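Input: a single structure, listed below in structure tokens.
Here the structure is a predicted model, which is why all the values come from computation and not from measurement. Counting from 1, the numbers follow the sequence of the chain as shown.
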Amino acid sequence: MKEQDIFKWPITIYYEDTDVGGVVYHANYLKFFERARTELLRYIGLNQQQLFADNMSFVVRSMNVDFIRGAKLDDQLVVNTTIQNVRHASIEFNQELVNDDDVVFCRAVVKIACINPTIMKPIALPTQLKPEID
């Protein structure tokens, strides 16, 4: 996967995702984005259980979220994820939740860091990841 590539992950809005008004609760957008990033890593061959065994983990370092419009029950949406920037121990993603007409519901810039979870310190990205995202 190259920086300009878009990874698309479908999302259906279920009752459990919404508040009493039938609109997606704001924190659930973050879950949708998290799932899409996880599936992107799986798609490029990264096994997170193996990373854990190797004392490697990903954590969100920062996130800038723009809630644009409310998604509703039964909406069929897609999370578009692109890799914006790759550094020694971090990756920055651009993510958008859109409908079939490319109307944006929510947008986020998410920076994840690769850490050793035992000592909670940054470490280099896994070597098997670099050819897939460079």
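Residues Val78 and Ile11 do not share a hydrophobic cluster, clusters being chains of Ile/Leu/Val/Met/Phe/Trp/Tyr side chains in contact below 4.5 Å. At a threshold of 4.5 Å between side-chain heavy atoms, the hydrophobic network of Ile, Leu, Val, Met, Phe, Trp and Tyr places Ile91 and Tyr43 in one connected group. Residue Phe58 is grouped with residue Val79 when hydrophobic side chains (ILVMFWY) are merged at heavy-atom distances under 4.5 angstrom, including chains of intermediate members. Cluster annotation: Val103 is connected to Trp9 through the hydrophobic network of ILVMFWY side chains, with a link wherever side-chain heavy atoms come within less than 4.5 Å. Clustering ILVMFWY residues whenever any of their side-chain heavy atoms sit less than 4.5 angstrom apart, transitively, puts Val98 in a cluster other than the one holding Ile13.
Contact of the Leu51 side chain with the Pro126 side chain is registered, since non-hydrogen atoms from C-beta on lie closer than 4.5 Å. Residues Thr18 and Val23 are not in side-chain contact: their nearest non-hydrogen atoms beyond the backbone lie 4.5 Å or more apart.
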Enumerate, atom names and distances included, each donor-acceptor pair closer than 3.5 Å involving a side-chain atom of residues 59-77, sequence neighbours excluded.
{"unit_1": "Asp75", "atom_1": "OD2", "unit_2": "Lys72", "atom_2": "N", "d": "2.8"}
{"unit_1": "Gln76", "atom_1": "OE1", "unit_2": "Thr12", "atom_2": "OG1", "d": "3.2"}
{"unit_1": "Gln76", "atom_1": "NE2", "unit_2": "Thr12", "atom_2": "OG1", "d": "3.3"}

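Listed by chain and residue number, Glu39 satisfy the salt bridge (Lys or Arg N to Asp or Glu O under 4.0 Å) test with Arg42 (two or more places apart in sequence, or in another chain). Considering only residues two or more places apart in sequence or on other chains, Phe33 meets the ring pair (Phe, Tyr, Trp, His ring centres under 6.0 Å) condition with none of them. Take Glu92 and apply the salt bridge (Lys or Arg N to Asp or Glu O under 4.0 Å) test, not counting sequence neighbours, and it matches no residue.
Residue pairs meeting the salt bridge (Lys or Arg N to Asp or Glu O under 4.0 Å) criterion with at least one member in residues 6-17, sequence neighbours excluded, do not occur. Sorted by first then second residue, the side chain to side chain donor-acceptor pair (under 3.5 Å) pairs that include residues 96-105, not counting sequence neighbours, are Glu96-Arg107.
One N or O on the side chain of Asn47 and one on the backbone of Gln49 form a donor-acceptor pair closer than 3.5 Å.
Closest approach of Cys114 and Met56 over heavy atoms only: SG-CG, 3.6 Å.
Considering CD1 of Ile83 and CZ of Arg37, their distance stands at 12.0 Å, rounded to 0.5 Å. Once rounded to the nearest 0.5 Å, the distance linking CG of Asn80 with CD1 of Ile6 reads 5.5 Å. Rounding to the nearest 0.5 Å gives a distance of 10.5 Å between CZ of Phe93 and CZ of Phe7. A distance of 7.0 Å separates CG in Leu30 from SG in Cys106, rounded to the nearest 0.5 Å.
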Please lay out, stage by stage, how Glu34 and Thr38 fare under the test side-chain contact (heavy atoms from CB on, under 4.5 Å). CA-CA 6 Å; Glu34 175 73 27; Thr38 297; 3.7 Å; yes
side-chain contact (heavy atoms from CB on, under 4.5 Å) between His88 and Leu125, intermediate numbers included: CA-CA 6 Å; His88 178 70; Leu125 292 171; over 6 Å; no
What verdict does the side-chain contact (heavy atoms from CB on, under 4.5 Å) test give for Met120 and Ile115, after you've listed the backbone C-alpha separation in whole Å, the side-chain angles of each residue and the deciding distance to 0.1 Å? CA-CA 6 Å; Met120 299 300 286; Ile115 66 163; 3.8 Å; yes
Working for side-chain contact (heavy atoms from CB on, under 4.5 Å), residues Ile44 and Leu40: CA-CA 6 Å; Ile44 61 177; Leu40 184 153; 4.1 Å; yes
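A perpendicular orientation is assigned to the rings of Phe32 and Tyr29, their planes being inclined by more than 60° (bins at 30° and 60°).
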